[in-house]
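The analysis underlying the following values was restricted to heavy atoms, covering all of them including side chains, and did not include hydrogens, waters or symmetry mates. Along the sequence shown, the residues carry numbers beginning at 1.
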Amino acid sequence: MNKPFVLTLIHRIELNPEYSQKTTGQGGKEDSFTSALESESLEIFLTQQRLAHEQGLKTTIQITYASLLNDECVALAKKHHEEFGDEISLSLLGLPCPDFQKKYKTKDFCIWMFSEEDKRSIIDDVFNLFKEKFGHYPESTGSYFLDAYCLNYIHEKYPNVKCAVATCFEEGPKAYHTTNNSWYTFMDGGPWNPWVASKVNSHIPARDKDDDCGIVCIPHLSRDPMACFDGNGSNFGTHPQNVLRGMIYDENGDIPYLFNIVDQYAHQKKYNRFGYNMMFVGPGWMNKSGRWEVPYEGLVKSYEDAMAYYGLLKRKGELRDLTMSEFADFYRDGLDYLEPERCLWKDVLYGSNKQYFWYYDPFMRTCLDFNQGGAMIDLRPYAARLDWKVGIGTKSVYDCSYPYLIQANYRAGYFTHYAGEGTVKSFKVKYGGETADGCLTRTLARVEIKDGDTYLITNPLEFVFSDLTLSIVSTFCFKKGKGTIEIKREIVRTSDPSKEVTIEEYFTGAFGIHEYQADMTNITLYAEGEKGHQEIKFNYKCRTLVDEKATLVGAKIPDVETIVEMGSKESLHGESMEGIAFSPDYRLSISKTIKGKGEISTWLSLRKAN
């Protein structure tokens, strides 16, 4: 079956673009809303619309609060809907304008940061204004982030809304640091591709119909899930603004990197129901004075080139352009709540052999790095189903990130921490007095899907000791609907079958939403096996629980309502170890001694602690 590659192309019609208020009106009053700015914004919007329509592409026009108050904007949206089939949508971005600021007596503009009372008032205000102007409520909406409270309220009050832009992929501390520590929008830990959000937490895919918030969610831009994990996501995505901001263009102003991202997303249909790409732009980045050392002409060229590439793919029958509500209908057709989203991504920025594998389902989101032998470098416990409120009046006013158990950039991956492994899941091979870590061995992997389960199989990893050489193949099996990964390390070649080696599968974890570790003394570490159930309360004393015939080792982490466990069908050497204050983490491990060829099979599971 020829699986589709789908594009959702969104243009914001807004009179006061967030990026233009300061750059277009240089020398004017702060926060001035001038007729010149309004005129330029409409002209840029029309340019973006023209470049899309010339390529035969439909758009979704997301209209902002200020634009709803402008008859010309409303008339333009209606005209393009009738002439080109564009969908008229409602944006919950673009709130700041004199009318809004006077009415709500604030300069805040991120809908998820308001109090619950204000969220309801603002949503009702803009939705009813939309109906007043267009005669009906919208079928789609969006923001940089929409929390579960907003999504649930919108679905309850305006049930014809099918689709929403609901998160930015990995817009957390890394993005914060590159905005000079000034932009307090933290939303790490969510999906990179479309999902139906849970009623409990908008980051989490719904488990079933009862958990379904009623709205298909899409990300704000299709990010490069390698480059934006390693660095600032705002430089790496399917928006010419991102690519130009990252200065990823040649002397002619060409942007092949953007096309490489598009191609890689098209490739992902091999592993999923379809491939998907999302582009979401407003007029602010294309203002007449230029942006990021690029003149206006270069900004227009970049967008023209992007539209031409999508248009070419459509004419070749390789791309389907769907508006937001059309996409929601498409996504719901054949929806299996437990079907995971898979992404085997290669390096399209630098062209190296580096390879990541991303995976999410209602139980976990994780990333494996094959430049580190398949080490797990990110793990989010969706199984915990954390009902964490966000906004004024909650414990988290602005940070809506979903917490990690492993995050190699925030909590020290293997290469950056001399006192231990940092937060990572990998394996070690021990022979005599020598030890080799899988994190130091580069490889590549392939994906296979069998009976709904996802298998990831590496090329052989070679380990060289003083008088012994081994090759080991790793196989990861993500069990559909179980919250469990089965992991096999198989010795497929040995230079001396008479020699014994020990393979240790280990998990070094922590928890949090940024670089700074919270108090860990609520954690309970335990081991089960021949000695029965052993446990210790974490207290930074470097104590270790050991069982030579363990069935499982685990950690209960009340702060993130998660239980993480490792085990094996065999009874093997197991350890649970608490870290120290200088290196605050915990370590779980299962080990097996093997002579010649052989294998160790273990599993990793996540579940809610309650």
Looking at residues at least two apart in the chain, or sitting in another chain, which of them share a side-chain contact (heavy atoms from CB on, under 4.5 Å) with [X]?
{"X": "Glu117", "answer": "Ser115, Arg120"}
{"X": "Lys58", "answer": "Asp86, Asp321, Thr323, Glu326"}
{"X": "Asp263", "answer": "Tyr309"}

Note, [X] side chain near [Y] side chain (heavy atom, < 4.5 Å):
{"X": "Ile10", "Y": "Ile218", "result": "yes"}
{"X": "Leu90", "Y": "Leu68", "result": "yes"}
{"X": "Tyr257", "Y": "Val348", "result": "yes"}
{"X": "His136", "Y": "Asn160", "result": "no"}
{"X": "Lys314", "Y": "Gln55", "result": "no"}
{"X": "Cys213", "Y": "His155", "result": "no"}
{"X": "Ser302", "Y": "Trp285", "result": "yes"}
{"X": "Tyr382", "Y": "Pro362", "result": "no"}

Find the distance between [atom1] ([X]) and [atom2] ([Y]) and round it off to the nearest 0.5 Å.
{"X": "Gln49", "Y": "Leu57", "atom1": "CD", "atom2": "CG", "answer": "10.5 Å"}
{"X": "Phe84", "Y": "His81", "atom1": "CZ", "atom2": "NE2", "answer": "13.0 Å"}
{"X": "Asn70", "Y": "Ser41", "atom1": "CG", "atom2": "OG", "answer": "10.5 Å"}
{"X": "Leu221", "Y": "Glu171", "atom1": "CG", "atom2": "CD", "answer": "8.5 Å"}
{"X": "Gln268", "Y": "Cys343", "atom1": "CD", "atom2": "SG", "answer": "4.0 Å"}
{"X": "Leu244", "Y": "Ile255", "atom1": "CG", "atom2": "CD1", "answer": "6.5 Å"}

[X]: ring-ring contact (aromatic ring centres under 6.0 Å, His included) partners, not counting sequence neighbours:
{"X": "His267", "answer": "Tyr271"}
{"X": "Phe5", "answer": "none"}
{"X": "His11", "answer": "Tyr303"}
{"X": "His220", "answer": "Tyr144, Phe280"}

Under 30°, 30 to 60°, or over 60°: which ring-plane class applies to [X] and [Y], parallel, tilted or perpendicular?
{"X": "Tyr404", "Y": "Tyr410", "value": "tilted"}
{"X": "His203", "Y": "Phe145", "value": "tilted"}
{"X": "Tyr276", "Y": "Phe327", "value": "tilted"}

- Give every residue pair that meets the ring pair (Phe, Tyr, Trp, His ring centres under 6.0 Å) criterion with at least one member in residues 54-76, sequence neighbours excluded.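 As it turns out, the ring pair (Phe, Tyr, Trp, His ring centres under 6.0 Å) pairs with a partner in residues 54-76, which skip direct neighbours, are Tyr65-Phe100.
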Main chain of [Y], side chain of [X]: is a donor-acceptor contact present, judged purely on distance under 3.5 Å?
{"X": "Trp358", "Y": "Pro225", "value": "yes"}
{"X": "Asn201", "Y": "Leu386", "value": "yes"}
{"X": "Arg245", "Y": "Ser234", "value": "yes"}
{"X": "Asn180", "Y": "Ser182", "value": "no"}
{"X": "Thr366", "Y": "Asp378", "value": "yes"}
{"X": "Lys3", "Y": "Asn272", "value": "yes"}
{"X": "Asp224", "Y": "Ile261", "value": "no"}
{"X": "Ser222", "Y": "Thr238", "value": "no"}
{"X": "Asp254", "Y": "Asp250", "value": "no"}
{"X": "Gln264", "Y": "Lys346", "value": "yes"}

Say whether [X] and [Y], considering side chains only, have a donor N or O and an acceptor N or O under 3.5 Å apart.
{"X": "Asp124", "Y": "Tyr153", "value": "yes"}
{"X": "Ser91", "Y": "Glu14", "value": "no"}
{"X": "Asp230", "Y": "Tyr356", "value": "yes"}
{"X": "Asp361", "Y": "Tyr359", "value": "yes"}
{"X": "Asn287", "Y": "Ser289", "value": "yes"}

Validation row, ring centre [X] to ring centre [Y] under 6.0 Å:
{"X": "Tyr104", "Y": "Phe114", "answer": "no"}
{"X": "Phe186", "Y": "Tyr176", "answer": "yes"}
{"X": "Tyr360", "Y": "Trp195", "answer": "no"}
{"X": "Trp345", "Y": "Tyr265", "answer": "yes"}

- Task: Please say whether the positively charged group of Arg273, taken as NZ for Lys or CZ for Arg, lies over the ring of Tyr331, i.e. under 6.0 angstrom from the six-membered ring centre and within 45 degrees of the axis.
- Result: yes
- Pairwise salt bridge (charged side-chain N to carboxylate O under 4.0 Å, His left out) hits with a residue in residues 173-202, at least two apart: none
For [X], enumerate each residue passing the side chain to side chain donor-acceptor pair (under 3.5 Å) test, keeping only those at least two apart in sequence or located in another chain.
{"X": "Tyr310", "result": "Asn277"}
{"X": "Asn128", "result": "Tyr137"}
{"X": "Lys103", "result": "Asp125"}

- Message: Between Glu297 and Lys301, does the salt bridge (charged side-chain N to carboxylate O under 4.0 Å, His left out) criterion hold? Intermediate values first, please.
- Response: CA-CA 6 Å; Glu297 294 74 19; Lys301 178 186 182 305; over 6 Å; no
- Message: Is it the case that atom CG in Asp336 sees more than 12 heavy atoms from other parts of the structure closer than 6.0 Å?
- Response: yes
Can you name the closest pair of heavy atoms from [X] and [Y] and give their distance?
{"X": "Ala227", "Y": "Leu349", "result": "CB-CD2, 4.0 Å"}
{"X": "His514", "Y": "Pro173", "result": "CB-CG, 4.0 Å"}
{"X": "Ser140", "Y": "Thr60", "result": "OG-CG2, 4.2 Å"}
{"X": "Ser143", "Y": "Ile111", "result": "OG-CG2, 3.7 Å"}
{"X": "Ala52", "Y": "Thr59", "result": "CB-CG2, 3.8 Å"}
{"X": "Leu258", "Y": "Pro240", "result": "CD1-N, 3.7 Å"}

